[in-house]
There are 2 protein chains.
Amino acid sequence: MPERRVTMADVARKAGVSPTTASFALSGRTDMRISDASRERVLEAARELGYRPNVTARSLRTKSTQTIGFVSDRITTTPFAGDVIRGAMEAARERDNLLFITEAGGDRAAESSLVHALLDRQVDAVIYASMFTRYVTPPKELFGRRVVLLNCLAPGFDAPSVVPDELEAGRDAARALLAAGHTEGIWAIGGHQAVPATPEGIIAGNERMRGLEEVLRAGGARLDGVVECDWDTRDGYREVSALLAAGHRPRALVCLTDRVSMGAYQALGEAGLSVPGDVSVVSFDDQDIAAVLRPALTTLKLPHYRLGRLAVELILGEGPLEAAVHRVPMPLQDRASIGTPATR
Amino acid sequence: MPERRVTMADVARKAGVSPTTASFALSGRTDMRISDASRERVLEAARELGYRPNVTARSLRTKSTQTIGFVSDRITTTPFAGDVIRGAMEAARERDNLLFITEAGGDRAAESSLVHALLDRQVDAVIYASMFTRYVTPPKELFGRRVVLLNCLAPGFDAPSVVPDELEAGRDAARALLAAGHTEGIWAIGGHQAVPATPEGIIAGNERMRGLEEVLRAGGARLDGVVECDWDTRDGYREVSALLAAGHRPRALVCLTDRVSMGAYQALGEAGLSVPGDVSVVSFDDQDIAAVLRPALTTLKLPHYRLGRLAVELILGEGPLEAAVHRVPMPLQDRASIGTPATR
DNA sequence: GCATCTTGCTAATCCGATTTAACAACGGAG
DNA sequence: CTCCGTTGTTAAATCGGATTAGCAAGATGC
């Protein structure tokens with residue numbers, strides 16, 4: 001049975017002052033003249049009693065619960081996207097905030113219900129997050145509220161977005177290939193926007209391809225072909241097998257995600273081709289498999305942690321939120337899957 | 001600018017009754033005689049105004065915030081353990097509760113600070129979770145509180161624990177091998193408790209091995225050897241390579257975790273041995289790689305979702321919490337890595 | 001016809017803080 | 001000696017609900 005919590009009234013009584021004085025002393029407000037002696041006695045009493053303010057009670061008056069709601073479609077289940085939550089959480093903690101984490105599973109009704117549950121608990125702000133970078137329409141309950149969109153964009157919805165810089169990542173993939181000397185026999189596996197589950201289309205594929213082609217072209221290289229397929233291991237395996245069976249001999253593969261890379265590794269291995277000796281591979285996302293594949297995969301990392309952190313930093317910043325798009329760099333994880341082009 | 005929230009006073013005014021009557025009508029209490037007419041008017045007014053009770057304000061009086069705190073060492077970052085959170089979250093939602101998710105990163109001071117932050121917000125209960133199944137000592141702030149231990153055990157701490165049934169999983173691994181006809185040439189890779197980062201020792205390794213050996217022996221089979229190593233891909237690769245280099249010819253490998261299995265696959269592949277033609281592999285955990293390895297890995301799944309769900313169900317159950325240990329079955333994911341023993 | 005019960009409703013308090021308005025006590029100016 | 005401005009402090013109101021105690025009006029009992 002937890003003993004009754006110490007209240008401010010207890011502190012005031014022990015310090016021999018009124019609750020009002022205790023409140024001012026504890027909140028450290030200077031506009032409300034408290035003698036040093038009184039302040040000291042209150043602080044001392046609070047320390048001795050182990051007083052901690054009841055945030056819930058305080059919020060009734062101040063309207064601030066120091067609490068942020070986090071609504072996502074499926075983000076907690078996505079491999080490694082837990083880093084988004086960790087980034088958000090740590091940034092929140094640094095400013096004495098806590099996070100309500102919720103997941104609607106893509107269900108609009110569940111989403112509304114969750115947002116209501118959050119608002120009923122007086123959250124100060126809401127982070128609306130998506131598993132894939134895509135266009136969304138936030139539930140109407142969020143209109144006019146303090147919101148940051150995480151990993152998604154909502155034209156017409158007045159809130160800042162935080163997204164990975166996919167375009168620049170595409171460019172960096174091209175730069176990495178060019179730097180190793182690749183100018184021909186380059187294939188892209190995974191295509192532009194091949195995830196069937198997202199009708200709005202995912203942004204990642206398009207922007208990665210755009211950046212890739214732009215820099216390749218500028219560097220005097222070209223893409224031999226683009227294979228459209230789902231972003232999973234099975235499809236990567238099948239498409240690369242088919243490519244090889246058709247007689248093509250790629251020197252470099254740009255896989256649109258690590259899962260596809262893993263499938264590509266399997267297909268190349270079965271064909272007796274080595275990475276990066278015969279074929280270089282550069283990838284995107286840096287999922288957990290990327291570092292344990294052999295050879296370790298060179299990939300452009302989704303900056304999960306920084307995405308989560310930036311979202312919270314924006315939300316807890318002063319002043320109104322501007323409807324800008326914040327792009328977070330995707331750092332190159334330079335490992336072992338890119339080599340100099342194989343000589344024929 | 002969100003317009004002022006509708007309060008119960010607004011509803012009462014619109015319905016032409018006192019706030020007291022509105023409160024009773026809305027809470028549906030039968031012990032406090034409200035005429036059907038009044039009740040109907042209040043409900044109608046609430047509906048029209050879109051009234052939602054302020055949970056924060058209510059909790060000031062009732063002491064219940066319908067909110068649960070979740071404290072873990074690193075669980076949000078563990079691959080796929082997001083399922084724990086999802087299970088907990090969904091169970092919470094079904095009973096109109098929300099979850100504060102926090103992560104202390106193994107830091108005792110941070111842990112205390114987080115628990116305080118939770119208690120300051122008047123959480124009704126706390127789930128104390130660990131990434132690995134192990135012994136823990138919860139922070140003193142949690143003593144006497146409503147707590148459920150998730151994936152950990154704390155002797156002397158009066159709270160229920162929810163853990164995977166590792167012992168039975170070990171037995172099931174043995175049964176799967178016996179059923180396929182394996183009785184000799186069986187090696188265990190990963191050993192008893194080889195994770196260096198957990199000084200308390202992890203329970204999983206020991207119990208898995210115990211169940212494995214027990215059923216193997218009862219079935220007239222035996223373990224040719226146990227290789228102790230870290231639970232990661234690199235070590236699995238190195239140890240299995242060494243095993244083969246030493247001239248051993250295992251017919252079945254029991255890998256203590258999927259990461260080790262992945263390393264084993266790599267080593268076996270390099271040695272020209274096929275799975276399951278030459279060597280069967282059975283594993284534990286069912287991480288995300290298990291299903292995408294080729295051949296797909298047969299493994300005993302860590303029941304993340306059900307662990308999280310059960311913890312919340314216990315916490316939101318009626319009455320006091322008993323200090324019992326709840327073991328959740330680890331279902332066999334029967335895929336393609338076990339075959340009949342190779343003939344010499 | 002008067003005392004007693006029900007029935008239906010509401011005034012007043014409380015929960016734990018913050019904040020506004022006001023009030024003593026004191027010192028200096030005139 | 002009075003007036004006024006500081007300084008330090010506190011009573012009271014407030015936030016949005018839940019709950020206790022009590023109060024009218026009508027029904028019932030004898």
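Convention: sequence-line order gives letters A, B, ...; per-chain numbering from 1.
- Every side chain to side chain contact (heavy atoms under 4.5 Å, CB included) that B:Ala57 has, sequence neighbours left out, goes to A:Leu60, B:Asn54.
- Non-hydrogen atoms lying under 4.0 Å from DNA chain C are contributed by nothing in residues 112-120 of chain B.
- Shown here are the ring pair (Phe, Tyr, Trp, His ring centres under 6.0 Å) partners of A:Phe100, two or more places apart in sequence or in another chain: B:Phe100.
- Sorted by first and then second residue, the pairs that involve residues 313-325 of chain B and meet salt bridge (charged side-chain N to carboxylate O under 4.0 Å, His left out), not counting sequence neighbours, are B:Arg309-B:Glu313.
- Along DNA chain C, read 5' to 3', the first and last nucleotides having any atom under 4.0 Å from a heavy atom of chain B are C:dT7 to C:dG16.
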Quiz item: Under the side-chain contact (heavy atoms from CB on, under 4.5 Å) criterion, do A:Arg121 and B:Thr65 qualify, and how do the steps go?
Solution: CA-CA 8 Å; A:Arg121 286 169 182 75; B:Thr65 50; over 6 Å; no
Please list, for nucleotides 9-16 of chain D, all pairs of protein and nucleotide N/O atoms separated by less than 3.5 Å.
residue: D:dT9; atom: OP1; partner: A:Ser35; partner atom: OG; Å: 3.4
residue: D:dT9; atom: OP1; partner: A:Ser38; partner atom: OG; Å: 2.7
residue: D:dT9; atom: OP2; partner: A:Ser35; partner atom: N; Å: 3.0
residue: D:dT9; atom: OP2; partner: A:Ser35; partner atom: OG; Å: 3.1
residue: D:dT9; atom: OP2; partner: A:Ser38; partner atom: OG; Å: 3.1
residue: D:dT10; atom: OP2; partner: A:Ser18; partner atom: N; Å: 3.0
residue: D:dT10; atom: OP2; partner: A:Ser18; partner atom: OG; Å: 3.2
residue: D:dT10; atom: OP2; partner: A:Thr21; partner atom: OG1; Å: 2.7
residue: D:dA11; atom: N7; partner: A:Thr20; partner atom: OG1; Å: 3.4
residue: D:dA11; atom: N6; partner: A:Thr20; partner atom: OG1; Å: 2.8
residue: D:dT14; atom: O2; partner: A:Arg61; partner atom: NE; Å: 3.3
residue: D:dT14; atom: O2; partner: A:Arg61; partner atom: NH1; Å: 3.4
residue: D:dC15; atom: O3'; partner: A:Lys63; partner atom: NZ; Å: 3.1
residue: D:dG16; atom: OP1; partner: A:Lys63; partner atom: NZ; Å: 3.4
residue: D:dG16; atom: N2; partner: B:Ala57; partner atom: O; Å: 3.2

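- Nucleic acid contact for A:Thr62: sugar-phosphate only, since backbone atoms but no base atoms lie under 4.0 Å from a heavy atom of the residue.
- The closest donor-acceptor contact from the side chain of A:Arg29 to the backbone of A:Phe24 lies at 3.5 Å or more, if one exists at all.
- An angle of 70°, rounded to 10°, separates the two end axes of the helix from C:dG1-D:dC30 to C:dG30-D:dC1, each defined over five pairs.
- Here B:Ser72 pairs with B:Phe70, B:Ile75, B:Glu103, B:Ala129 under the side chain to side chain contact (heavy atoms under 4.5 Å, CB included) rule; sequence neighbours left out.
- Remark: B:Arg61 pairs with no residue by the side chain to side chain contact (heavy atoms under 4.5 Å, CB included) rule, at least two apart or across chains.
- By the side chain to side chain contact (heavy atoms under 4.5 Å, CB included) test, A:Arg146 pairs with A:Ala125, A:Leu321, sequence neighbours left out.
- Side-chain contact check for B:Arg95 versus B:Gln66: every heavy-atom pair is 4.5 Å or farther apart.
- By the ring pair (Phe, Tyr, Trp, His ring centres under 6.0 Å) test, B:Phe157 pairs with B:Phe143, sequence neighbours left out.
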Could you please spell out the steps behind the side-chain contact (heavy atoms from CB on, under 4.5 Å) verdict for A:Lys14 and A:Glu44? CA-CA 9 Å; A:Lys14 171 150 186 147; A:Glu44 172 66 15; over 6 Å; no
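- Within the structure, ring-ring contact (aromatic ring centres under 6.0 Å, His included) contacts touching residues 105-126 of chain A (residues at least two apart or in different chains) do not occur.
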